[in-house]
Number of protein chains: 2
Amino acid sequence: MSVLNNAADVLRCFGKDCPDLTVSDVVRLLGMPKANASRLLKAMREANMLETIGDSHRHRPGRLMLDLAAAYRRSSLLIGRASEVVAEASAIYGHTGYISVRDGKEVTAVADFQGTNALRVVSNIGRRLPAHLSATGRSLLARLGEEAVHALYAGHGALADLTEELSKVRHQGFAYSSQEATPGVDAIAISIADPRTDEAVSLCIVYPHALVDIKGRDEMIAALAKGAARIAEDLGDSAFVAPRI
Amino acid sequence: MSVLNNAADVLRCFGKDCPDLTVSDVVRLLGMPKANASRLLKAMREANMLETIGDSHRHRPGRLMLDLAAAYRRSSLLIGRASEVVAEASAIYGHTGYISVRDGKEVTAVADFQGTNALRVVSNIGRRLPAHLSATGRSLLARLGEEAVHALYAGHGALADLTEELSKVRHQGFAYSSQEATPGVDAIAISIADPRTDEAVSLCIVYPHALVDIKGRDEMIAALAKGAARIAEDLGDSAFVAPRI
DNA sequence: CCGAGTCGTTCCATTAAATGGAACTCGAGT
DNA sequence: ACTCGAGTTCCATTTAATGGAACGACTCGG
């Protein structure tokens with residue numbers, strides 16, 4: 001099924017910073033003969049996996065793909081429950097919140113809730129972040145055993161720091177970052193899991209550093225924690241530790 | 001490229017109300033030999049187009065698909081501009097807003113902004129609605145010529161009503177529905193297009209019928225219209241008509 | 001503990017599709 | 001008119017998809 005893999009490779013190209021693709025982009029990025037690239041994009045177009053932008057030769061993901069992220073959300077009880085909690089916290093405090101999942105060494109947001117404050121962090125849904133460099137990523141990595149993290153980050157320079165940071169997250173019950181990925185932006189994150197499906201998600205709030213002091217931060221952690229604890233109990237997530245603040 | 005089409009057909013199954021798929025679901029829904037279904041799902045799994053839920057045999061869209069909706073949004077300047085307008089209106093009035101696109105006789109939301117009011121309409125992103133039965137759909141259909149609508153809905157029972165309704169939308173500059181798709185829920189929608197790419201989107205606000213009178217509705221229409229007019233001017237959308245209220 | 005039923009995977013010969021080099025088309029820019 | 005880059009089409013070769021049938025795993029009711 002080589003076509004499928006090629007098609008998946010094409011779709012992966014959209015991942016990082018590439019808003020659209022042409023035949024020659026695909027040739028360059030994937031090192032594929034251009035006859036193949038041309039036919040592949042055509043077939044993907046006909047299958048609604050891609051569509052052209054206007055009548056140019058540039059391609060973007062097709063309509064078929066639009067609903068799949070929503071289908072993913074709908075397939076998971078955990079995501080639905082977590083969304084309720086974050087949506088409420090986001091509405092109360094006015095900061096942007098999101099739900100994210102880990103995929104190897106990366107995290108992706110699966111749902112976001114725009115804050116309402118005049119100064120708020122714009123959500124970055126659909127953009128992959130390195131798990132070890134974000135609060136939401138570390139809250140998810142902390143759920144892995146220490147060995148699993150070692151295996152995942154074997155040979156990685158940041159492993160020592162990460163190990164220490166994760167044990168702190170495990171002890172505290174939440175992850176925190178201050179101006180780490182983005183200057184002026186802090187984040188808090190708590191993870192929960194569904195033992196029946198082995199999936200884990202992170203509940204995260206991001207906010208402008210200047211607007212929230214430690215007291216305000218702890219208030220939001222408590223709000224997330226309350227909802228997360230209820231979900232953990234309902235689903236039987238025995239690994240959940242209530243945050244200590 | 002028959003695999004691609006089969007894969008696309010599988011992905012389409014997630015569209016309506018089907019949160020997960022098994023091999024036999026695929027056999028039943030697509031009438032495919034089960035040997036093929038089994039191998040196809042396996043290949044899609046390996047390409048990250050699907051993933052299993054826990055260690056069961058149930059499949060959902062894979063992580064690869066999660067970012068594609070966001071890539072779609074990023075590829076379109078129009079969607080970005082429209083999102084700003086709806087996000088602001090949603091924050092001001094506290095009602096849920098979304099941006100949607102038309103795909104034949106259906107409309108899909110591509111972005112949503114949860115309202116903050118205690119009583120708010122929960123967004124239905126990723127669920128396809130019949131275009132002729134929703135305000136957002138009619139605001140987009142109104143952009144088509146009358147002949148194009150006739151061609152699209154040839155033989156459809158609702159064509160006469162729809163034609164009349166659309167000419168009203170064209171004249172008013174906005175579409176309105178009161179308790180149409182959902183009891184107790186009203187909606188307003190304004191569409192704009194980017195002539196360079198031939199894409200059109202609808203800016204839509206949905207709100208509880210009981211909470212908003214005509215005056216409040218017109219205020220929101222004016223807010224959307226103001227943002228939409230600015231976008232229409234910037235992009236050169238000559239077909240845009242400013243709402244008359 | 002057994003057998004019927006359901007579900008998923010694997011095997012294998014047949015058939016159909018993907019592959020990649022080269023030739024061809026189309027526009028844009030000297 | 002010529003060239004350059006981008007995209008598509010052609011064709012013989014190779015490779016992968018197909019579907020019937022057999023096989024393994026599991027569940028339910030007796």
Side-chain angles (χ1 to χ4, degrees), chain A residues 1-14 17-62 64-65 71-72 75-76 195-199, chain B residues 1-14 17-62 64-65 71 75 195-199:
Chain A
M1 307 237 187
S2 145
V3 235
L4 261 191
N5 289 298
N6 287 335
D9 287 339
V10 168
L11 294 177
R12 251 180 281 276
C13 292
F14 289 110
D17 50 354
C18 184
D20 48 58
L21 287 174
T22 63
V23 170
S24 12
D25 288 336
V26 172
V27 169
R28 184 165 2 93
L29 292 169
L30 303 180
M32 168 188 297
K34 67 176 176 176
N36 287 5
S38 175
R39 278 177 306 221
L40 178 59
L41 292 194
K42 184 181 176 192
M44 291 178 74
R45 237 156 36 215
E46 283 164 0
N48 286 301
M49 288 184 174
L50 294 181
E51 62 185 38
T52 54
I53 302 181
D55 48 5
S56 72
H57 286 139
R58 300 183 309 146
H59 294 75
R60 66 174 161 207
L64 173 56
M65 304 312 194
Y72 187 95
S75 77
S76 164
R196 292 178 312 156
T197 60
D198 268 329
E199 57 185 352
Chain B
M1 307 235 186
S2 146
V3 236
L4 262 190
N5 289 299
N6 288 335
D9 287 340
V10 168
L11 294 177
R12 253 181 278 277
C13 292
F14 289 111
D17 49 355
C18 185
D20 49 58
L21 288 173
T22 63
V23 170
S24 14
D25 288 336
V26 173
V27 169
R28 184 165 0 92
L29 292 169
L30 303 180
M32 171 188 295
K34 68 176 174 173
N36 287 4
S38 175
R39 276 178 305 220
L40 178 59
L41 292 194
K42 184 182 176 193
M44 291 177 74
R45 235 155 40 215
E46 284 164 1
N48 285 301
M49 287 184 175
L50 294 181
E51 62 185 39
T52 54
I53 302 181
D55 49 5
S56 72
H57 285 140
R58 299 183 308 146
H59 294 74
R60 67 174 158 206
L64 174 55
M65 304 312 193
S75 78
R196 292 177 313 157
T197 60
D198 268 331
E199 58 185 351

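To find a chain, count down the sequence lines: A is the first, B the second, and so on, and within it residues start at 1.
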Nearest of dG20(C), dA6(D), dG8(C) to any side-chain atom of P33(A)? dG20(C)
Rounded to whole Å, the CG-P distance (L4(B) to dA16(C)) equals 19 Å
In this structure, how many angstroms lie between the P atom of dT9(D) and the CG atom of L41(A), rounded? 13 Å
K42(B) side chain: which of dT10(C), dT19(C), dG8(C) is closest? dT10(C)
Under 4.0 Å, heavy atoms only, any strand: does K34(A) hit a base, just the sugar-phosphate, or nothing? base
Atom pair distance, as rounded to whole Å: CZ in R45(A) and C1' in dT8(D): 10 Å
Checking contacts here: which listed nucleotide (dT19(C), dG7(D), dA17(C)) is nearest the side-chain heavy atoms of T22(A)? dG7(D)
A35(A) backbone acceptor or donor facing S38(A) side chain under 3.5 Å: no
Think S24(A) has a side-chain N or O under 4.0 angstrom from the OP1 or OP2 of dG5(D)? no
Does any N or O in the side chain of T22(A) come within less than 3.5 Å of the main-chain N or O of D25(A), such that one atom is a donor and the other an acceptor? yes
Side chain of V23(A) only, please: which of dG19(D), dT8(D), dG20(C) is the nearest? dT8(D)
For dT19(C), does OP1 or OP2 lie under 4.0 Å from any side-chain N or O of N6(A)? yes
Are the side chains of L50(B) and L11(B) in contact, using a 4.5 Å heavy-atom criterion? yes
Is it true that, when you exclude R45(B) itself, more than 12 heavy atoms of the residues, nucleotides or ligands shown sit nearer than 6.0 Å to its CZ? yes
Nearest to the side chain of H57(A) - dG20(D), dT9(C), dG7(D)? dG7(D)
Looking only at the side chain of R39(A) (C-beta and beyond, no hydrogens), which of the listed nucleotides dG8(C), dA6(D), dT19(C) gets closest? dT19(C)
